[in-house]
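One-based numbering, in listed order, for ligands and for the atoms of each. Being a predicted model, the structure only gives us computed values, none of them experimental.
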Amino acid sequence: MKNTVAQNIQDVLRRIKEAAVKAGRDPKDIRLVAASKLIAPEKLKEAHEAGVDDFGENRIQEAKKKMEALSGLPIRWHFFGHLQTNKANAAIDMGFELIHSIDSVRLLDLLENHAAKADKSQSVLVEVKLSGEPSKHGVAEEGLFEILDASRKTPHIKIEGLMTVPPFFSKPEEARPYFARLRAARDEAVKEGFPLKHLSMGMSHDFETAIEEGATIVRIGTLIFGGRTK
Ligand SMILES: *Cc1c(COP(=O)(O)O)cnc(C)c1O
């Protein structure tokens, strides 16, 4: 018989805890965000009842629909898809807990303008692209400090950390160098005076390796909801 969403979540939480303990870390320092793209709101509700408070979407329209459908529930919404500049205002208005995918100074400035007008503050992460894959989004490592420096002039947008999506490897061990590089980039930024606390890294197939390398946020879809292919 197929496991229920609740059983899958128990399983994932147990594995997060084990990976943290193995790495000598406090499991409380790692937050699970359920990646819920293409998953129906009823399933998100099931996951919420099973103890997940954080959900991550990667399309603005889809996120809007789910926020409406689940508006009564105390859910923290995350956005980690590519954020088009023409959706920047909407993203601010929607009140995400965290936007994981800032990848340009232009996007940062647009978010700042709108947040200032709306008198809101928004927490974000910078998405760093550590591989050369053309299909991936994010700023190249060399461009990271340009965005961090620009954030000195964006008082309404708070950069709290970094996010990355490494290439897919069948062996999670092969993703380790990417996670280590993101952590090194974070440490470098901290040394330069940017108070970055979060590392959003690790998905269904590699989150334990990411936790060993310092992930504070793991984004997990398939292990919780099953496959998304229809
Ligand atoms: C879908 C998605 C995830 C989750 O992927 P799974 O392999 O299903 O766990 C994580 N991060 C991002 C950016 C995603 O789009």
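Scanning all protein heavy atoms for the shortest distance to atom 11 (N) of ligand 1 gives Arg219 NE, 2.9 Å. The nearest protein atom to atom 9 (O) of ligand 1, hydrogens excluded, is given as Ser204 OG, 2.5 Å; this is a heavy-atom distance. Taking atom 13 (C) of ligand 1 as the reference point, the nearest protein heavy-atom neighbour is Phe80 CD1, 3.5 Å. Atom 1 (C) of ligand 1 has its closest protein heavy atom at Lys37 NZ, 1.2 Å. The protein heavy atom nearest to atom 8 (O) of ligand 1 is Thr222 OG1, 2.5 Å. Summary of contacts: the protein heavy atom closest to atom 5 (O) of ligand 1 is Met203 CE, 3.4 Å.
By the criterion of a heavy-atom distance under 4.0 Å, the side chain of Ala35, and not its backbone, is placed next to ligand 1. Proximity of Asn58 to ligand 1, defined as any heavy-atom pair under 4.0 Å, is confined to the side chain (atoms from C-beta onward). At a heavy-atom cutoff of 4.0 Å, ligand 1 is contacted by no atom of His205, backbone or side chain.
Relative ring orientation between Phe168 and His205 is described as tilted, the plane-to-plane angle lying within the 30° to 60° band.
Distances between N or O atoms of Met163 and those of ligand 1 include no value under 3.5 Å.
Distances below 4.0 Å separate heavy atoms of Ile220 from the following atoms of ligand 1: 9 (O). Close approach to Gly221 involves these atoms of ligand 1, each under 4.0 Å from a residue heavy atom: 4 (C), 6 (P), 8 (O), 9 (O).
In the displayed structure, Arg14 atom CZ is contacted under 6.0 Å by more than 12 heavy atoms of other residues, nucleotides or ligands. The neighbour count for Lys17 NZ, taken as heavy atoms of other residues, nucleotides or ligands under 6.0 Å away, does not exceed 12. The neighbour count for Lys120 NZ, taken as heavy atoms of other residues, nucleotides or ligands under 6.0 Å away, is above 12.
Two residues are said to be in side-chain contact when any heavy atoms from C-beta on lie closer than 4.5 Å; Arg31 and Arg76 meet this criterion. For the pair Val218 and Leu32, the minimum side-chain heavy-atom distance is below 4.5 Å.
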- Item | Ile224 vs Val12, side chain to side chain contact (heavy atoms under 4.5 Å, CB included): CA-CA, chis, key distance, verdict | CA-CA 8 Å; Ile224 293 176; Val12 167; 4.2 Å; yes

- Task: Report the C-alpha distance between Thr216 and Lys197 in whole Å, list the side-chain angles of each, state the deciding distance to 0.1 Å, and finish with yes or no for side chain to side chain contact (heavy atoms under 4.5 Å, CB included).
- Result: CA-CA 8 Å; Thr216 62; Lys197 58 177 188 231; over 6 Å; no

